[in-house]
*Asks:* 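Okay, here's the structure, questions in a sec.
Lettering of chains follows the sequences in order, A, B, ..., and the numbering in each one begins at 1.
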Amino acid sequence: MNNLRNLRGMNDLLPDQTPFWQKIESVFRDHFSRAGLKEIRTPLLEVTELFSRGIGEGTDVVGKEMYTFLDRGERSCTLRPEGTASVARALIQHGLLKQGPLRLWYSGPMFRYERPQAGRLRQFHQVGVEFFGLSSEINDAELISIAWDLLNDFGVKDLKLELNSLGNQEDRKKYQDKIVNWLENRVELLDEDSQKRLYKNPLRIFDSKVPSTQDLLKDAPLLINSLCNESRLRLEKLMDILRALEIPFSQNFRLVRGLDYYSHTAFEITSNQLGAQSTICGGGRYDSLINQLGGLETSAIGWAIGIERLLLLAQDSFTFSFPDVYFVNKGQNAELLALSITRKLRSKGIFVEIDNSSSSFSKQFKRADRCKAKWALVLGEDEILNNELRLKKLGRDESLNEIDKTKEVLVPINNIDILIKTILA
RNA sequence: GCGGGCGUCGCCAAGUGGUUAAGGCAGCGGCUUGUGGCGCCGCUAUUCGGGGGUUCGAAUCCCCUCGCUCGCCCCA
């Protein structure tokens with residue numbers, strides 16, 4: 001094939017898929033507006049430094065997954081691999097954080113240069129929520145509840161919410177020393193990848209799926225035991241709130257988010273029906289990010305949902321509507337009149353599909369039946385002569401198990417109101 | 001970046017060395033010059049992702065290459 005193709009991992013959304021996307025988008029927009037969240041839209045392209053500084057040099061996202069290139073002015077640019085850093089940058093840049101707390105959402109394409117597989121693409125889509133300037137546990141709980149309710153609203157089954165605390169920066173540092181020390185005495189038992197991570201990003205050794213490493217870690221000291229009283233109390237309080245809200249969760253002491261900017265609350269919502277990628281929603285608190293990017297110390301918490309993954313889970317539960325009217329028409333005078341009537345019906349909110357093919361009535365009716373329209377509206381030479389429209393009920397009477405061809409109404413062409421009334425009845 | 005699987009019509013798919021490359025769905029036309037689910041008839045790949053090679057002969061064997069897909073790593 002000499003034809004042009006899309007780039008690897010950058011998929012087209014074809015007309016038979018876009019209805020699912022529109023459905024998802026409308027559901028989350030509705031949730032967010034009822035929760036009083038405001039939308040923010042930031043560019044897809046940012047200076048590379050934003051991500052290397054914000055997400056962390058040691059992370060895989062920055063180290064090997066970014067879509068980075070030089071623009072014509074020799075600036076290093078990167079297609080955003082996630083949304084949080086850009087949102088933070090925009091808020092700092094425009095001074096919005098000085099005006100009090102913010103509750104925001106965003107959605108759109110993100111880019112990571114990885115080998116595509118089920119539930120993972122190079123251009124993928126996320127929808128995310130971020131709260132700024134809201135530090136108490138009740139906010140963590142509200143934020144989590146929005147994700148939880150949203151996913152449940154999509155009819156997703158078997159969701160699991162997992163929760164952990166990464167403590168504050170001092171807790172983490174204290175623990176990091178402890179775990180590195182503990183692991184140093186057992187380096188030879190670690191797999192190769194984990195050995196590399198030992199000094200670069202030791203916390204993420206807990207992410208390893210190598211069985212021998214996981215075995216070893218069973219006896220390792222846990223981060224949760226290094227939390228100071230304040231951090232521990234914070235976690236307890238959040239769990240109490242979640243229990244009171246009847247949002248089921250489990251604690252996962254190994255849950256360490258991949259990106260550097262997290263602190264305290266870390267959570268993940270997973271499904272066992274996603275193949276190798278089980279995480280559908282990931283999030284946590286990142287109180288140090290704004291400061292790290294040059295803003296004032298600001299508490300912040302957020303999550304992101306992978307829309308492709310949500311689609312894999314929710315698709316089956318979606319239903320869509322079919323046309324109210326399929327306009328069967330034939331003959332030169334009929335075509336123009338049909339189009340003009342179609343416009344009037346559409347302006348009244350009626351879903352009309354018009355057949356402009358000029359093919360035989362038989363063909364047009366077949367198409368009308370196949371598109372599952374409620375009515376066939378017929379206009380041909382005969383109708384024009386009699387100055388009337390023929391409205392015919394489609395579909396079958398389940399009890400008769402065959403087509404009832406008798407349900408036909410004649411409406412004067414100059415009395416569209418009756419037509420509309422009949423269709424909407 | 002590394003493994004496994006796969007690439008035959010818009011989609012699904014048979015064929016695994018021998019004259020014309022099954023079939024199904026969708027599409028178009030007809031049976032029915034103006035009436036729908038079904039049925040019947042006809043049309044739709046000089047060509048098997050691409051390039052080389054072996055052979056009298058290849059979609060079928062070999063080599064290279066490209067692409068897709070699943071998984072590893074990591075993440076949403």
*Asks:* Does the side-chain ring of A/F365 sit on the six-membered ring of the B/U35 base, less than 5.5 Å centre to centre and under 30° in tilt?
*Replies:* yes

*Asks:* Which base, if any, makes a Watson-Crick or G-U wobble pair with B/G10, both distances under 3.5 Å?
*Replies:* B/C25

*Asks:* Is A/K392 close enough and on-axis enough to A/F365, meaning under 6.0 Å and within 45°, for cation-pi?
*Replies:* yes

*Asks:* Would you mind pulling out the nucleotide paired to B/U47, Watson-Crick or G-U wobble, both distances under 3.5 Å?
*Replies:* none

*Asks:* Contact class for A/E268 (heavy atom, under 4.0 Å): base, sugar-phosphate, or nothing?
*Replies:* nothing

*Asks:* Is there any protein nitrogen or oxygen under 3.5 Å from a nitrogen or oxygen in nucleotides 64-69 of chain B, and what are the pairs?
*Replies:*
residue	atom	partner	partner atom	Å
B/C68	OP2	A/R8	NH1	3.1
B/U69	O4	A/R115	NH2	3.3

*Asks:* Check this for me: does the side-chain of A/E114 come within 3.5 Å of the base of B/G1 through a donor and an acceptor?
*Replies:* no

*Asks:* Between B/C48 and B/U20, how far apart are the P atoms? Round to whole Å, please.
*Replies:* 15 Å

*Asks:* When all nucleic acid strands are considered with a 4.0 Å heavy-atom cut-off, which category describes A/G119: base, sugar-phosphate, or nothing?
*Replies:* base

*Asks:* Is there a Watson-Crick or G-U wobble partner for B/U60 with both distances under 3.5 Å, and which nucleotide is it?
*Replies:* none

*Asks:* If I pick the P atom on B/G42 and the same atom on B/G23, what distance separates them, to the nearest angstrom?
*Replies:* 11 Å

*Asks:* Tell me the interatomic distance from A/Y113, atom OH, to B/C2, atom P, rounded to whole angstroms.
*Replies:* 12 Å

*Asks:* Under 4.0 angstrom, heavy atoms only, what part of the nucleic acid is A/G380 near: base, sugar-phosphate, or nothing?
*Replies:* base

*Asks:* Is there side-chain contact between A/S86 and A/F51, with heavy atoms separated by less than 4.5 Å?
*Replies:* yes

*Asks:* Expressed in angstrom and rounded to an integer, what is the separation of A/E65 atom CD from B/A76 atom C1'?
*Replies:* 11 Å

*Asks:* Can you give me the N/O atom pairs linking the protein to nucleotides 11-13 of chain B at distances under 3.5 Å, or say none if there are none?
*Replies:*
none

*Asks:* Would you say the ring centers of A/F320 and A/F20 fall short of 6.0 Å from each other?
*Replies:* yes

*Asks:* Within the 4.0 Å heavy-atom criterion, would you say A/A368 contacts the bases, only the backbone, or no part of the nucleic acid?
*Replies:* nothing

*Asks:* Show me, pair by pair, the donor-acceptor contacts under 3.5 angstrom made by side chains of residues 412-425 of chain A, not counting sequence neighbours?
*Replies:*
residue	atom	partner	partner atom	Å
A/T422	OG1	A/I418	O	2.7

*Asks:* Do the rings of A/W303 and A/F32 sit parallel, tilted or perpendicular, given the 30° and 60° boundaries?
*Replies:* tilted

*Asks:* Got a second to check how far A/L391's CG is from A/L410's CG, nearest 0.5 Å?
*Replies:* 9.5 Å

*Asks:* Residues two or more places apart in sequence or in another chain: which of them pass salt bridge (Lys or Arg N to Asp or Glu O under 4.0 Å) with A/E65?
*Replies:* none

*Asks:* Nearest-Å distance, CG (A/L379) to P (B/U35)?
*Replies:* 16 Å

*Asks:* Considering only the C1' atoms, how many Å lie between B/U8 and B/C70, rounded to the nearest integer?
*Replies:* 22 Å

*Asks:* Please state how far atom CG in A/N386 lies from atom C1' in B/G34, giving the value in whole angstrom units.
*Replies:* 13 Å

*Asks:* Hey, are A/R103 and A/E142 close enough for a salt bridge, meaning a charged N less than 4.0 Å from a carboxylate O?
*Replies:* yes

*Asks:* Between atom CG in A/L311 and atom P in B/A76, what is the gap in whole Å?
*Replies:* 19 Å

*Asks:* Which of the following nucleotides, B/G36, B/G34, B/A76, is nearest to the side chain of A/T279?
*Replies:* B/A76

*Asks:* If you pin A/C281 and A/V378 to their nearest nucleotides in RNA chain B, which one's is more 5'?
*Replies:* A/V378

*Asks:* Taking N or O atoms only and anything under 3.5 Å, show me the protein contacts with nucleotides 26-32 of chain B, one pair per line.
*Replies:*
residue	atom	partner	partner atom	Å
B/A26	O3'	A/R370	NH1	3.2
B/G27	OP1	A/R370	NH1	2.5
B/G27	OP2	A/R370	NH1	2.5
B/C28	OP1	A/R367	NH1	3.1

*Asks:* Can you find a heavy atom in the side chain of A/V378 that is under 4.5 Å from one in the side chain of A/E383?
*Replies:* yes

*Asks:* If we call it a pair only when both distances are under 3.5 Å in a Watson-Crick or G-U wobble match, what pairs with B/U19?
*Replies:* none

*Asks:* Flag the pair A/E162 and A/K160 as a salt bridge only when some basic side-chain nitrogen lies within less than 4.0 angstrom of an acidic carboxylate oxygen.
*Replies:* yes

*Asks:* Which whole-number value in Å describes the distance from A/E308 CD to B/A76 C1'?
*Replies:* 9 Å

*Asks:* Across all strands, who's sitting opposite B/G3 as a Watson-Crick or G-U wobble pair, both distances under 3.5 Å?
*Replies:* B/C70

*Asks:* When rounded to the nearest Å, what value does the distance between C1' atoms of B/C66 and B/G51 take?
*Replies:* 10 Å

*Asks:* Ring-plane angle category for A/W105 and A/F28, please: parallel below 30°, perpendicular beyond 60°, tilted otherwise.
*Replies:* perpendicular

*Asks:* For residues 331-340 of chain A, which residues have at least one heavy atom under 4.0 Å from RNA chain B?
*Replies:* none

*Asks:* OH of A/Y113: more than 12 outside heavy atoms within 6.0 angstrom?
*Replies:* no

*Asks:* Do you know which two heavy atoms are closest between A/S165 and A/L223, and how far apart they sit?
*Replies:* O-CD2, 3.7 Å

*Asks:* Check this for me, if you would: do A/E46 and A/R80 make a salt bridge, where the nitrogen-to-carboxylate-oxygen distance has to be below 4.0 angstrom?
*Replies:* no

*Asks:* Measure the distance from CG on A/L391 to P on B/U35 and round it to the nearest whole Å.
*Replies:* 18 Å

*Asks:* Which comes earlier along RNA chain B counting from the 5' end, the contact point of A/S278 or that of A/L274, where each point is its nearest nucleotide?
*Replies:* A/L274

*Asks:* Could A/E408 and A/K393 be called an ion pair, given the rule that one side-chain N must be under 4.0 Å from one carboxylate O?
*Replies:* no

*Asks:* What is the distance, to the nearest angstrom, from the CD atom on A/Q364 to the P atom on B/U35?
*Replies:* 12 Å

*Asks:* Taking the C1' atom in each of B/A13 and B/A59, what is the distance between them to the nearest angstrom?
*Replies:* 14 Å

*Asks:* Less than 4.0 Å between a side-chain N and a carboxylate O, is that true for A/D382 and A/R390?
*Replies:* no

